[in-house]
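Right, one structure below, let's go through it.
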Amino acid sequence: MKKHGTDQEQKPTLKQLERLIAVFGGRTAKIVIRFWDNASFAEIQAMLKIGEDNLGQTFEKLLEPMFANTDPHSAQRAYWEKIFSNHFGLGVDFSGVLVPNQPTEGKRRLIFIPQGLKMNHAAECYHKVLTAHDPKWKLWKYTNDLDATVTTNTRTSAQSYAIWVRDEVEPDAAYLGKSTRVADPDGKIGVTLLERLVHGLVHFVETKKHLDEKGVTFCTGSRHAGGDVPRMYWDPRRAEVGVDWYGLGSSDPRRGLREAVSA
């Protein structure tokens, strides 16, 4: 598309765009914004007058090659929006969430956390997924109110965000046997309890298997009100995913953190 040089053909101002969006609304607003850098105000007006249906059929096809593959995470954004719709009952939009650079070492998984998601809600949804698969299975937690007792978190859902987590069944091998006090005293390396709940739920939805089948994940990005670290695991004897806590100085060869990388 040509660039414009005359005063009459300068790109539209924000106020002009706002007026167009107010008039034409909804779906067409996105297309208006797409033309921001290359079309004049008059051109956009002419395009919009074609009408909603023709606009969708004609201009989105023309625009597709221009904007194809600009977001390498678009499929994952859509996938996680569906996960939160189907299993959490939440309508979310991750299109504007910044995705951190993917670490180059190890198996990683991209996880999105929506604004406002609470630990209690995530645990309840996880429990429902488990019992729907097998009525004998459950999610057990040491308190009825995780949000009140897990009071310190490196990342919170004040805004939607994305992280890369180490995506193995068991905790990261490099940290097994290390206490939280040694491995992650400042809570900057490991997942939060909320992130581990979401990770465990989606892993089970996909595989019908559990994270931490033999070991235990220390959620070192979080702290219990008393200063201890929350942990999660699968207990086959009790047929339950467990949520409880462990001392910062305690360690075990099967237990360790699960690394998370955020923006």
Side-chain angles (χ1 to χ4, degrees), residues 69-88 90 92-119 121-123 125-126 129 150 152-176 178 180 182-207 209-213 215-223 229-234 241 243 255-263:
N69 301 319
T70 56
D71 179 10
H73 307 297
S74 59
Q76 278 293 300
R77 293 180 198 275
Y79 175 73
W80 279 98
E81 288 169 2
K82 186 176 180 180
I83 286 289
F84 283 106
S85 174
N86 291 348
H87 300 289
F88 292 79
L90 299 176
V92 296
D93 180 1
F94 294 129
S95 60
V97 175
L98 177 65
V99 174
N101 293 330
Q102 182 177 0
T104 55
E105 76 286 354
K107 182 183 177 184
R108 302 284 177 161
R109 147 161 239 157
L110 183 61
I111 290 179
F112 286 86
I113 301 293
Q115 182 179 18
L117 180 65
K118 301 297 184 182
M119 286 175 277
H121 183 56
C125 294
Y126 199 163
V129 166
V150 180
T152 301
N153 297 281
T154 300
R155 291 167 296 277
T156 73
S157 61
Q159 299 292 332
S160 298
Y161 67 92
I163 59 169
W164 291 99
V165 299
R166 185 85 72 170
D167 193 32
E168 303 289 350
V169 173
E170 304 301 335
D172 297 8
Y175 297 100
L176 290 175
K178 295 182 179 180
T180 298
V182 170
D184 194 13
D186 300 322
K188 296 180 179 179
I189 299 174
V191 296
T192 67
L193 178 57
L194 177 60
E195 293 160 358
R196 173 58 180 79
L197 285 164
V198 172
H199 187 186
L201 183 151
V202 77
H203 179 81
F204 184 78
V205 166
E206 293 173 351
T207 68
K209 295 182 179 180
H210 307 279
L211 295 177
D212 300 302
E213 291 185 335
V216 175
T217 289
F218 293 153
C219 304
T220 60
S222 298
R223 294 290 187 274
V229 60
R231 64 177 187 171
M232 286 191 64
Y233 53 89
W234 164 247
V241 171
V243 181
R255 300 169 183 173
L257 63 79
R258 195 176 289 270
E259 190 179 44
V261 175
S262 60

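Atom-to-atom distance recorded for Met232:CE and His199:NE2 is 11.0 Å, nearest 0.5 angstrom. From Leu211, atom CG reaches atom CZ of Phe204 across 11.0 Å, with rounding to the nearest 0.5 Å. Atom-to-atom distance recorded for Asp172:CG and Phe218:CZ is 12.5 Å, nearest 0.5 angstrom. Annotation: the span from Phe112 atom CZ to Leu117 atom CG amounts to 14.5 Å, rounded to 0.5 Å. Distance check, rounded to the nearest 0.5 Å: OG1 of Thr180 to CZ of Arg231 gives 10.5 Å. Interatomic distance, CG of Leu194 versus OG of Ser157, reported as 6.0 Å (0.5 Å rounding).
The ring-ring contact (aromatic ring centres under 6.0 Å, His included) test applied to Tyr161 returns no partner, not counting sequence neighbours. Residues satisfying the side-chain contact (heavy atoms from CB on, under 4.5 Å) test with Thr154, not counting sequence neighbours, are none. Listed by chain and number, the residues in a salt bridge (Lys or Arg N to Asp or Glu O under 4.0 Å) with Asp212 are Arg196, Arg258 (sequence neighbours excluded). The side chain to side chain donor-acceptor pair (under 3.5 Å) search around Asn86 returns none, not counting sequence neighbours. Considering only residues two or more places apart in sequence or on other chains, Ala173 meets the side-chain contact (heavy atoms from CB on, under 4.5 Å) condition with none of them. Qualifying side-chain contact (heavy atoms from CB on, under 4.5 Å) partners for Thr156, counting only residues two or more places apart in sequence or in other chains: Asn153, Ala158. Residues that satisfy the ring-ring contact (aromatic ring centres under 6.0 Å, His included) test with His203, not counting sequence neighbours, are absent from this structure. Under the side chain to side chain donor-acceptor pair (under 3.5 Å) criterion, Ser95 pairs with Asp93, not counting sequence neighbours. Taking the ring-ring contact (aromatic ring centres under 6.0 Å, His included) definition, one finds that Tyr233 meets it with nothing, sequence neighbours left out. With sequence neighbours excluded, no residue satisfies side chain to side chain donor-acceptor pair (under 3.5 Å) with His210. Pro103 pairs by the side-chain contact (heavy atoms from CB on, under 4.5 Å) definition with Glu105, Arg108, Trp164, Val261, not counting sequence neighbours.
Of all heavy-atom pairs spanning Ala263 and Leu98, the tightest one is CB-CD2, 3.6 Å. Shown here for Pro100 and Ser262, the closest heavy-atom pair between the two residues is CB-C, 3.6 Å. Between Ala260 and Ile163, the closest heavy-atom pair is CB-CD1, 4.1 Å. Contact record, Gly256 with Pro171: O-CB, 3.4 Å, taken as the closest heavy-atom pair. Closest heavy-atom contact between Leu193 and Ser222: N-OG, 2.9 Å.
The shortest distance between side-chain heavy atoms of Val129 and Val205 falls below 4.5 Å. Side-chain atoms of Val202 and Arg109, non-hydrogen and from C-beta on, do get closer than 4.5 Å to each other.
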Please evaluate residues Val243 and Met119 with respect to the criterion side-chain contact (heavy atoms from CB on, under 4.5 Å), reporting the C-alpha separation (whole Å), side-chain torsions for both, the decisive distance (0.1 Å), and the verdict.
CA-CA 11 Å; Val243 181; Met119 286 175 277; over 6 Å; no
Evaluate the side-chain contact (heavy atoms from CB on, under 4.5 Å) criterion for residues Leu201 and Phe88: first the C-alpha distance (whole Å), next the side-chain angles of each, then the deciding distance (0.1 Å), finally the verdict.
CA-CA 10 Å; Leu201 183 151; Phe88 292 79; 3.7 Å; yes
Apply the test side-chain contact (heavy atoms from CB on, under 4.5 Å) to residues Ile111 and Val198: give CA-CA distance (whole Å), side-chain angles for both, the deciding distance (0.1 Å), then the verdict.
CA-CA 8 Å; Ile111 290 179; Val198 172; 4.1 Å; yes
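Evaluation of the salt bridge (Lys or Arg N to Asp or Glu O under 4.0 Å) test over residues 72-83, restricted to residues two or more places apart or in two chains, returns Asp71-Arg77.
A distance-only check finds a donor-acceptor pair linking the side chain of Asp184 to the backbone of Ile189 [under 3.5 Å]. In terms of modelled atom types and a separation under 3.5 Å, the side chain of Ser160 and the main chain of Pro114 share no donor-acceptor contact. Within the 3.5 Å criterion, the main-chain N or O of Lys209 finds a donor-acceptor partner in the side chain of Thr207. Side-chain atoms of Trp234 do not come within 3.5 Å of backbone N or O of Gly215 as any donor-acceptor pair.
Under a 4.0 Å N-O distance rule, the pair Glu170/Arg255 does not qualify as a salt bridge. With salt bridges taken as basic N to acidic carboxylate O contacts below 4.0 Å, one links Glu195 and Arg155.
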